[in-house]
Amino acid sequence: MIMAGLLRQAPRITLALLTVPVLAGLAGTVIPAFANDAKGIQALLQWPGLPRAAGISLVTGLGSAALSLAITLLPVASLWGTRAFAAVQHLLAPLLSVPHAAAALGLAFLIAPSGWIARVLSPWATGWTQPPDLLLLNDPFGLALTLGLVAKEVPFLFLMALAALPQTDAARRMQVAQSLGAGRVASFAVSVLPSLYRQLRLPFYAVLAYSMTAVEMAMILGPTRPYTLSAQVVIWMADPQLTGRATAAAGALVQVGLVLGALGLWHLAERLAKSALIGLAHRGMRGQGADGPANVIAALLGGLIGGGLVFGLAGLALWSFAGLWSFPDAVPASLNLNTWTRAAPDLAQTATLTLGIAALATLLALALVLACLEAEHRFDLVPGAGALWVLYLPLLVPQVAFLPGVQVAALRAGMAGHWLAVAAAHLVFVLPYLFLSLAPAYRAWDRRIAVAGAALGATPARVFWHLRLPMLLRPVLTASAVGLAVSVGQYLPTLLVGGGRVETLTTEAVALASGGNRRLIGAYALLQMLLPALGFACALLLPAWAFRHRRGMAVAA
Amino acid sequence: MSGPLHLQDLRVTRDGQPIVALNLTVGPGEVLTIMGPSGAGKSTALAAILGTLAPAFRLSGHIVLAGRDITALPPHLRRVGLLFQDDVLFPHLSVGGNLAFALPPDIKGRAARTARIAAALQAADLSGFADCDPATLSGGQRARVALLRTLLAAPCALLLDEPFSRLDADLRAQVRGFVLDRIRREGLPAILVTHDAEDARAAAGRVVTPLGLPLAP
């Protein structure tokens with residue numbers, strides 16, 4: 001009875017766990033900006049870099065988010081239902097599990113003046129025998145940053161699009177539109193896109209907010225004079241003087257305003273696009289000529305993104321094993337294990353802590369998500385639209401705008417710097433992703449199984465533990481792997497709530513990034529990438545092994 | 001523990017519209033048939049007796065089974081067995097595992113439970129199938145396992161939700177004979193929901209609509 005009461009409250013408890021830290025953290029972060037006659041705001045306004053930092057935030061954020069959306073939708077439009085599309089699907093989970101920092105470092109190794117691309121082209125094509133003095137990384141226009149953000153956000157948006165597609169009746173709508181003489185892309189735009197976009201809107205807003213405010217990517221790939229606003233806020237935050245904190249608070253406030261402004265701008269663009277689309281449909285646009293170019297662009301962009309990520313990560317791996325590797329050699333002169341053996345004690349300790357934090361945050365999140373979904377099932381609860389917004393709240397509010405407040409609260413509670421506090425902070429980010437990943441499969445489960453179980457005399461608890469949970473083993477493990485990957489990749493929550501004393505693979509990799517030790521960076525980034533990959537491997541292999549004699553449990557092709 | 005199933009002024013309404021209105025008794029070994037076009041409330045009648053009505057429905061009256069008023073009980077305490085249109089075997093369990101799930105916990109000891117399951121399988125011409133994957137069984141075999149599973153839970157009444165409609169014509173008569181025969185032998189009151197007149201004739205009992213109007217069999 002107590003358990004049943006607790007289960008019924010699970011959705012409320014979970015929503016509170018998401019809203020309270022974010023809103024209280026936001027208040028705690030922003031209020032210091034107004035303290036002492038708003039000294040923080042004055043200091044911020046006197047900072048000459050403000051317009052440029054804010055501008056870069058806005059441009060790279062909007063640019064990379066819009067580009068990500070386009071790159072997500074194009075292959076869906078031109079390839080959906082084809083064999084190539086199925087192949088792309090299988091690449092998604094591994095790409096999605098790559099932490100932002102690892103992706104950024106990999107990309108940096110690829111495009112830097114002394115990076116792999118320059119090496120492969122030198123000296124025969126470029127004539128360079130020394131790394132050129134070009135600002136390819138950290139370019140003042142944020143191009144490298146945009147590229148990195150796009151590479152990381154496309155897999156996420158793509159996954160969300162895949163989850164939403166079945167609910168849009170895409171196959172039949174496309175068939176009808178095409179039978180009326182419209183090309184594939186035009187059919188998609190007119191018949192599927194409107195309902196698909198409605199479901200992609202929140203994930204997209206999260207991508208937009210994240211792209212504008214990402215800290216670790218901006219520190220590795222973004223401009224440095226000035227930094228992006230969010231990176232600068234974190235730098236001020238680390239300032240031992242109290243004035244730094246006030247300025248940081250003012251910066252966070254501006255950052256929130258910028259995100260709101262960008263969301264407003266985007267909302268306007270949504271309306272324009274809507275009326276444009278209706279206009280095109282009215283004019284009976286067939287757009288058959290659009291298919292060929294769209295296919296080419298989709299393939300090119302997809303290849304560029306996928307290739308950039310894969311080669312970047314391969315470069316990281318190669319560096320960690322490299323002996324002598326001088327410019328412009330395309331490959332190292334020799335390979336050895338020196339880096340790994342030398343760093344092994346540190347790596348093992350850091351990896352263990354990273355995994356411990358991730359495991360705890362994921363287990364807690366999994367328990368909460370399962371309780372929410374089971375409560376929804378047992379008590380016939382219908383989650384409102386508001387619940388979805390709350391779920392996205394930690395992804396929509398800029399991290400720099402609420403984590404400092406959380407840090408102060410953790411300090412007051414004497415919890416800052418403890419790994420448990422870091423795990424609790426990670427929970428806020430792990431929970432939404434885990435929920436989004438598990439909910440579709442959980443809700444799609446055949447309810448007749450539960451009725452059959454009850455008719456056989458099984459209590460709801462027995463149905464849950466013996467029927468539902470084992471039958472959903474695959475999605476549960478996949479969602480857990482997503483949760484693990486999210487936790488491993490967290491930078492700012494670890495840095496702030498950990499107070500610099502909790503060092504995970506991610507914070508270490510980012511800290512090393514400003515130094516020049518590519519071999520060590522490679523080792524940390526590789527391990528940072530390996531942990532989530534192992535999680536996904538388990539999610540794939542464990543159910544396959546457990547149900548090897550159960551044809552009815554095979555993955556639907 | 002067997003006895004009649006009384007539906008005493010059982011009424012189900014939705015938005016004030018009556019969907020089910022039954023006032024009758026099904027005796028042990030009798031098979032009552034509820035017939036009607038799809039959407040007429042046949043499934044609602046079964047859900048009412050099972051205890052799985054959606055909150056949008058309103059129920060009045062009483063369901064008394066073997067002397068117990070089960071109207072307010074949760075589904076798992078009602079001892080009402082159910083056969084679906086499909087077999088709805090649990091895909092992650094073996095045939096034996098499916099049957100063991102249904103076997104009441106008061107049959108204790110691994111050996112006793114295994115023996116009980118083996119005996120049930122043997123009585124249904126399915127000896128040696130305990131370790132099989134249900135997905136590898138034929139349609140007729142799956143239907144028989146589903147019935148065995150339902151009976152092993154020792155229900156006091158049986159509900160049949162168009163359990164033969166998905167089977168091929170020749171298999172259909174065979175499975176139907178098997179099921180109806182077992183119901184009569186166990187002396188269970190049963191309610192069959194169908195839109196097939198041949199099923200109703202084979203059940204050889206009264207035929208009514210969900211609103212309780214008698215139909216010629």
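Numbered from 1 within each chain, the chains take letters A, B, ... in sequence-line order.
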Side chain from CB out, backbone as N, CA, C, O: work out which of these in Leu82(B) comes under 4.5 Å of a heavy atom of chain A, or both, or neither. both
Test item: Val463(A) and His76(B) side chains (from C-beta on) under 4.5 Å apart, heavy atoms: no
Report, by ascending residue number, the residues of residues 431-453 of chain A in heavy-atom contact with chain B at a distance under 4.5 Å; give 'none' if the set is empty. Arg448(A), Ile449(A), Val451(A), Ala452(A), Gly453(A)
Under a 4.5 Å heavy-atom cut-off, does chain B meet the side chain of His549(A), its backbone, both or neither? backbone
Per-residue contacts, residues 135-154 of chain B versus chain A, heavy atoms under 4.5 Å: Ala135(B), Thr136(B), Arg149(B), Thr150(B), Ala153(B)
Would you call Leu456(A) and Phe90(B) a side-chain contact if the rule is heavy atoms closer than 4.5 Å? yes
For chain A, find which of Asp86(B), Leu77(B), Leu83(B) contributes the most heavy-atom pairs closer than 4.5 angstrom. Asp86(B)
Beyond-backbone contact of Pro91(B) with Arg551(A), side-chain heavy atoms, under 4.5 angstrom: no
Top contributor to chain A contacts, counting heavy-atom pairs under 4.5 Å, from Cys132(B), Ala54(B), Ser94(B): Ser94(B)
Interatomic distance, His92(B) atom NE2 to Arg550(A) atom CZ [nearest 0.5 angstrom]: 9.0 Å
Give the member of Leu159(B), Leu93(B), Leu89(B), Asp131(B) that has the highest number of heavy-atom pairs under 4.5 Å with chain A. Leu93(B)
Check this for me: Arg548(A), atom CZ, are more than 12 non-hydrogen atoms of other residues, nucleotides or ligands nearer than 6.0 Å? yes
Heavy-atom distance under 4.5 Å between the side chains of Phe101(B) and Arg462(A), does that happen here? yes
Residue selection (most heavy-atom pairs with chain A, distance under 4.5 Å) from Pro55(B), Gly81(B), Pro105(B): Pro55(B)
Can you establish whether the number of heavy atoms outside Gln122(B) located under 6.0 Å from its atom CD is more than 12? no
Which residues, numbered in order, of residues 359-387 of chain A come under 4.5 angstrom of chain B by heavy-atom distance? Asp380(A)
Please list, one pair per line, the donor and acceptor atoms closer than 3.5 Å that link side chains of residues 111-120 of chain B to other protein atoms, with sequence neighbours excluded.
residue: Arg113(B); atom: NH1; partner: Pro104(B); partner atom: O; Å: 3.0
residue: Arg113(B); atom: NH1; partner: Ile107(B); partner atom: O; Å: 2.9
residue: Arg113(B); atom: NH2; partner: Ala100(B); partner atom: O; Å: 3.0
residue: Arg113(B); atom: NH2; partner: Leu103(B); partner atom: O; Å: 3.2
residue: Thr114(B); atom: OG1; partner: Arg110(B); partner atom: O; Å: 2.6

Which of Pro74(B), Gly51(B), Ala102(B) touches chain A most, by non-hydrogen pairs under 4.5 Å: Ala102(B)
